[in-house]
Amino acid sequence: MSDGFGTLDHVYVVVAGETVLPVGAAGGGPGDGETALPVDDAGGRETTPPVGGAGGRPGDREAGLPVGGAADRSGGLGAGLPVGGPDGLARAVRELEEAEGPRWVWADARETYPPLLERGVRVARCHDLALTEGLLLAYEGRYGEPRSARAAHARLHGLPVPDEQPNAPGTLFAPEPLGAREVAEVLTDQLRRIAALPEPGRFRLLVAAESAGALVAAEMAHEGMPWRRDVHDALLTEMLGPRPVHGMRPARLQALADEVAAAFGHQVNPDSVQQLVKAFKGAGVALKTTRQWELKQIDHPAVAPLLAYKELARLFSAHGWTWADQWVRGGRFRPEYVVGGVVSGRWATHGGGALQIPKVMRRVVMADDGWMLVVADAAQLEPRVLAAMAGDVGLARAAGEIDLYSALAQSFGGERANAKIAMLSAMYGGTSGDASKLLAVMRQRFPKAYQFVEDAAKAGEEGRLVRSWLGRTSPPPSERWKELVSGPEGGRAARDRGRFTRNFVVQGTAAEWALSLLAVLRGRLPEPARLVFFQHDEVMVHCPAELADEVIAAVAGSAAEASRLLFGGTPVRFPMEAVAVKSYADAK
DNA sequence: AACCGGCGCGCC
DNA sequence: AAAGGGCGCGCCGGTT
């Protein structure tokens, strides 16, 4: 109950956005009907017991979803509860939520939840059929097949599978919403497929966390991140000059463009790579690209104004006045989050560029009067995740410290920087500079961690799938890759994919930890605190000032709980220090 | 006019 | 010295 994922008592299916259907008591308290999850019984995937072993039954405390309860009863569906439109639905959901706290089952939270939020209704947990179907399809090596509940239902019955886009061009009619029986059938099928997995407990945790993510994403889009347009405008004006009329460059940008032109002695569009390369060539400077680091090596009077131009031009085009007109309303920035939008399980955004807000803009994010922003990010999350997954005792010991890299330094000639390069190279597949030398040290000192990512890389190079700790599965290699890998450039293609799969297992598990943290934290926040931002390993909560301490404590507790949910009794620590600030810029 | 790949750079 | 994972997005410039 208190673990944030909750115990399932009842399942309610929301059908067609306006019917609530009790599917019946699913039964089962925590662990009920759940056998112990054999962590080292990998059943087709290579895993290692969590470091420390004791209590290490990932997912076993999650008690998130029924194994067969709802499924068994779905054949005996009662009549739906017609609730009469969105207002009636909101009323019904609110009442049932308060009375019973069920897990809501719906085809797609993106469609069902926002209308509820608009009517002030929030729910504690759900099972999102589309997200779950996506996870299952990927696990089954069927990545990319349509994952909507309707598509899942069609596959179940051998019917033509509809396109992913319900209103794709050429589609004359939106499909009929799924009925209660259909939704229940898809749920039953998914629960059956999950139960048949080698690690059902882990996957249930993944499904519960992913579904909770869908709730958080909708809530954050509804709430919005505080964004002071007056501060934003002042910042832009300070850096660029006053807002220009449409289609014009701001004064400061134009002045820099003129400086670049003067340095070359003729007009050059500083936004055009081709023109720049040509202009530098005319000045006797050979360039392959116009990237910052390459420009910085060059001694030419155009370089300084060009670099300044590039920095400001990006600010102007990506987060300038036009951007604010589009994305900021009522003092809130409302991006569209895409849960699981990255194959590794990280979130993406669609529009708004919420995950690329320049650091210089953070001062624009300010708490309302009397409120604070609690900002927290997980320190060195990926190496810690690797230590826990691999069960590498030495690395886990270092990961018991607040600064993991400092703790590793003695293994790398006392150099913290070298420890960091070694870890990053292991996780990203780096080869340049000192990487190979440092990796050799890593192989010797932390053999299990080293072997863990090497195995993942090897799987990728051979075209096999890899999975995160909870079972999120990499996409299979493309047909194009298979052709390429047997050709003359095959080695390159294989290594490229090896780097991808090497990173996938770490990034994917880090995303699972962060998602679990988010889900737990969401359930522990005191009213009226609200999650307003989430960026891979960082969260932001907007709350009344007097609740800040409570929120900070909730963050720390949630981080510990997320670690326990994923890795049981691992000695690896996952520090997540939260600070309360008025402005995002004041965090760290 | 619309589309698209390449580039460059913002974030983690 | 300038590489090694994941993204989104705006701009350029060539193609349809």
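Letters A, B, ... mirror the listed sequences (proteins, then strands); counts begin at 1.
Counting any heavy atom pair closer than 4.0 Å across all strands shown, A:Val506 reaches no nucleic acid atom. Backbone-only engagement by A:Gln292 is indicated by non-hydrogen atom pairs under 4.0 Å involving sugar-phosphate atoms exclusively.
One atom, CG of A:Leu276, and another, C1' of B:dG8, lie 11 Å apart when rounded to the nearest Å. At whole-Å resolution of the value, CG in A:Leu315 and P in C:dC11 are 13 Å apart. Atom CD in A:Glu311 sits roughly 18 Å away from atom C1' in C:dC11 (whole-Å rounding). Atom P of nucleotide B:dC11 and atom CD of A:Gln507 are separated by 17 Å, given to the nearest angstrom. Rounded to an integer number of Å, the gap from A:Tyr428 OH to C:dG6 C1' is 8 Å. The distance between atom NE2 of A:His536 and atom C1' of B:dG10, rounded to the nearest whole Å, is 11 Å. Separating the NZ atom of A:Lys288 from the P atom of C:dA1 is a distance of 15 Å, rounded to the nearest angstrom. For A:Glu382 and B:dC12, the CD to C1' distance is 8 Å, given to the nearest whole Å.
Annotation for A:Arg530: atom CZ counts as buried by contact number, over 12 foreign heavy atoms lying within 6.0 Å.
A close approach under 4.0 Å does not occur between any side-chain nitrogen or oxygen of A:Ser344 and OP1 or OP2 of C:dG5. One finds no side-chain N or O of A:Gln535 lying less than 4.0 angstrom from the OP1 or OP2 phosphate oxygen of C:dG8. At C:dG5, one or more side-chain N or O atoms of A:Arg499 fall inside 4.0 Å of OP1 or OP2 (strictly under the cut-off). A sub-4.0 Å separation between OP1 or OP2 of B:dC9 and a side-chain N or O of A:Lys310 is present.
Residue-to-nucleotide proximity on DNA chain C shows that, of A:Trp327 and A:Asn269, the 5′-proximal contact is made by A:Trp327.
Counting distance only, with no hydrogens placed and no angle test, the side-chain atoms of A:Arg346 and the base atoms of B:dC12 include a donor-acceptor pair under 3.5 Å. Between the base of C:dG13 and the side chain of A:Gln274 there is no donor-acceptor pair shorter than 3.5 Å.
The main-chain N or O of A:His222 is found under 3.5 Å from a side-chain atom of A:Arg334 such that the two form a donor-acceptor pair. With hydrogens and angles disregarded, no donor-acceptor distance shorter than 3.5 Å links the side chain of A:Ser583 to the backbone of A:Met366.
Here B:dG8 is the nucleotide among C:dG13, B:dG8, B:dG10 with the atom lying nearest to any side-chain atom of A:Thr289. Closest to the side chain of A:Arg314, from the set C:dG6, B:dG10, B:dC12, is B:dG10. Distances were taken from every side-chain heavy atom of A:Pro358 (C-beta onward) to each of C:dG8, B:dG10, C:dC11; the shortest belongs to B:dG10.
Aromatic ring orientation, A:Phe567 versus A:Phe574: parallel (interplanar angle below 30°, classes split at 30° and 60°). Ring pair A:His300/A:Phe280 is perpendicular by interplanar angle, where above 60° counts as perpendicular and below 30° as parallel.
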